[in-house]
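Counting starts at 1 for both ligands and their atoms, following the listed order. Here, residue 1 is the first one in the sequence, and each next residue gets the next number. For the numbers below, each heavy atom of this structure counts, side chains included, while hydrogens, waters and symmetry mates do not.
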Amino acid sequence: MRTTIEPFRIKVVEPIRMTTRSERSELIKQADFNLFGLRSEDVLIDFLTDSGTSAMSAEQWAGIMRGDESYAGSPSFRRFEAAVKNLMPFKHIIPTHQGRAAEKILFSLVGGEGQHIPNNTHFDTTRANIESSGAKAVDLVIDEGLDPDSEHPFKGNLDPKKLEDFIAAHGKNVPLVMITITNNSGGGQPVSLANLREIRAICDRHKLPLFIDACRFAENAFFIKTREAGQEDRSIIDIVRDIFALADGMTMSAKKDALVNMGGWLALNDDELAMNARNVLILTEGFPTYGGLAGRDLEAIAIGLDEIVQEDYLNYRITSTAYLGNALIELGVPIVKPVGGHAVYIDARKLLPNIPPGQYPGQALAIALYEIGGIRGCEIGTVMFGRQPDGSEEMAKMDLVRLAIPRRVYTQSHIDYVIECFDALMQERESIKGVEITWEPPALRHFTARFAMI
Ligand code: F0G
């Protein structure tokens with residue numbers, strides 16, 4: 001059949017409050033044209049993030065009731081630990097309240113002044129945790145990963161040549177090599193198993209540990225199964241196990257590919273590092289068997305991990321993201337190609353050539369999408385990255401708008417509606433105006449900056 005159906009039925013619903021275009025024009029103005037300032041009840045389709053926005057299953061909600069909240073010795077921890085080890089056979093599994101807490105613990109131990117940490121592309125919180133320890137975070141993705149039009153099947157790959165040169169330059173000051181699957185900051189692009197093996201071999205030669213930022217590991221495994229030669233007949237679970245067998249540790253945000261609204265973990269094999277990590281954990285998160293979580297959260301993660309590796313789910317997930325992306329390509333909307341796993345990234349600078357980069361075409365597009373259709377996306381461009389630490393302004397490499405798709409939340413008719421909104425947007429794109437910043441904080445301005453239409 002041509003149609004890939006959502007492999008679930010809906011048991012609980014959350015109403016969407018309908019709004020008109022003129023209401024939305026007023027609401028976004030009241031929010032100073034910053035989409036983070038909108039009340040979520042005033043959004044029809046919320047594509048701000050795929051993080052913590054998943055719909056949990058009936059089984060997960062049942063697990064929530066089963067959660068054992070004992071301070072120590074809880075069976076919920078044991079179920080969580082077993083579910084993680086079933087896919088990711090690390091010796092030590094340390095729960096945290098979300099991904100960045102795992103990053104904070106790891107880099108407070110291995111980072112520090114003079115250290116250099118490579119990745120395909122560091123996610124913002126990973127970079128920030130490395131930099132706040134005094135270390136340097138460096139991105140070494142393959143060149144194709146920086147070209148929005150390249151159709152390379154694994155644009156998230158870490159460049160082996162760049163990594164060799166990096167290790168040669170920084171030698172003893174590289175505490176570990178990191179690789180992010182899928183590469184969120186590079187468009188949700190996957191990393192191949194062959195690349196992971198090559199990076200492992202380089203790490204072995206230089207005796208360096210390899211850590212995986214694994215937020216979207218199941219989506220990455222599905223891309224390996226469908227795009228990498230020789231992998232097509234293998235099960236997702238086998239591919240996932242192969243991926244993690246290559247690593248010495250991982251950080252995880254369970255808010256993505258564990259289908260929960262809050263949670264994360266740090267996993268590793270090194271006994272001494274694990275002991276030190278648990279000591280920091282006790283100071284900042286909680287006792288080692290719950291970290292920053294409740295027993296019920298650990299249950300929901302354990303069940304989510306079982307559900308996320310199911311092929312019917314992943315087929316629906318990747319097909320439905322591609323369905324949106326390919327429909328936008330048909331309409332002539334420039335997007336980052338090929339379509340990633342969790343999101344579609346629109347090239348706003350290309351879509352709105354009449355708006356100069358200094359007038360934030362990404363923000364202008366995000367505002368227009370909200371006014372036209374009540375859709376909330378996220379600018380990833382000069383608003384997010386343009387302000388330099390010394391207060392000066394530098395144009396970002398690209399002005400993108402990310403439409404991140406929550407897991408198991410929207411149906412095909414929601415997506416068809418979004419496509420229709422883009423059709424309308426294409427008709428009126430010449431009348432879309434740029435914006436200026438009227439107020440901004442000294443750092444992380446995209447969350448709270450105020451804008452005015454030009
Ligand atoms: N690593 C990657 C690749 C991520 O995408 C995120 C979060 C994190 C680490 C941090 O995890 O939020 O649980 O602390 N990404 C979200 C997003 C926020 O919208 O892409 P966290």
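Side-chain contact of D139 with T121: a donor-acceptor pair under 3.5 Å is absent, judged by distance alone. Remark: the Q363 side chain and the H446 side chain contain no N/O donor-acceptor pair separated by less than 3.5 Å. Judged purely by distance below 3.5 Å, without hydrogens or angles, the side chains of E379 and Y360 never pair a donor atom with an acceptor atom.
Residue, atom and distance of the protein heavy atom nearest to atom 1 (N) of ligand 1 are D213 OD2, 2.8 Å. In this structure, the protein non-hydrogen atom closest to atom 21 (P) of ligand 1 is Q98 NE2, 3.3 Å. Summary of contacts: the protein heavy atom closest to atom 18 (C) of ligand 1 is F123 CZ, 3.9 Å. What sits closest to atom 10 (C) of ligand 1 on the protein, heavy atoms only, is T125 OG1, 3.5 Å.
For ligand 1 and T180, the ligand atoms under 4.0 Å from any heavy atom of the residue are 3 (C). Using a 4.0 Å cut-off to heavy atoms of R402, the atoms of ligand 1 that qualify are 17 (C), 19 (O), 20 (O). Remark: ligand 1 atoms within the under-4.0 Å shell around heavy atoms of T49 are 17 (C), 19 (O).
Taking the six-membered ring where the residue is Trp, Y345 and H342 present perpendicular rings, their angle passing 60° and hence far from 30°. The aromatic rings of H116 and H170 lie parallel to each other, with less than 30° between the two planes, well short of the 60° mark.
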Show me the donor-acceptor pairs, under 3.5 Å and distance only, between side chains in residues 103-115 and residues at least two apart or in other chains.
residue : atom : partner : partner atom : Å
E103    : OE1  : T125    : OG1          : 2.9
E103    : OE1  : T126    : N            : 3.1
E103    : OE1  : N129    : ND2          : 3.4
E103    : OE2  : T125    : OG1          : 3.4
E103    : OE2  : T126    : OG1          : 3.1
S108    : OG   : K104    : O            : 3.2
S108    : OG   : I105    : O            : 2.9

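Of the options R216, R402, K255, K256, a side-chain hydrogen bond (donor to acceptor under 3.5 Å, both in side chains) to D50 is made by R216 and by none of the others.
Among the atoms of R216, some N or O lies under 3.5 angstrom from an N or O of ligand 1. Considering backbone and side-chain N/O atoms, G263 never comes within less than 3.5 Å of an N/O atom of ligand 1. Between N184 and ligand 1, at least one pair of N/O atoms sits closer than 3.5 Å.
Taking only non-hydrogen atoms, the option from K255, H122, K256, E103 nearest to atom 11 (O) of ligand 1 is K256. Taking only non-hydrogen atoms, the option from M252, H97, R100 nearest to atom 14 (O) of ligand 1 is R100. Nearest-residue assignment for atom 2 (C) of ligand 1 (options C215, C378, S253; heavy-atom criterion): C215.
For residues 38-48, the pairs satisfying side chain to side chain donor-acceptor pair (under 3.5 Å) are R17-D42, R39-D42, D46-R376, with sequence neighbours left out.
Here R79 does not pair with D68 in a salt bridge; the nearest charged N to carboxylate O distance is not below 4.0 Å.
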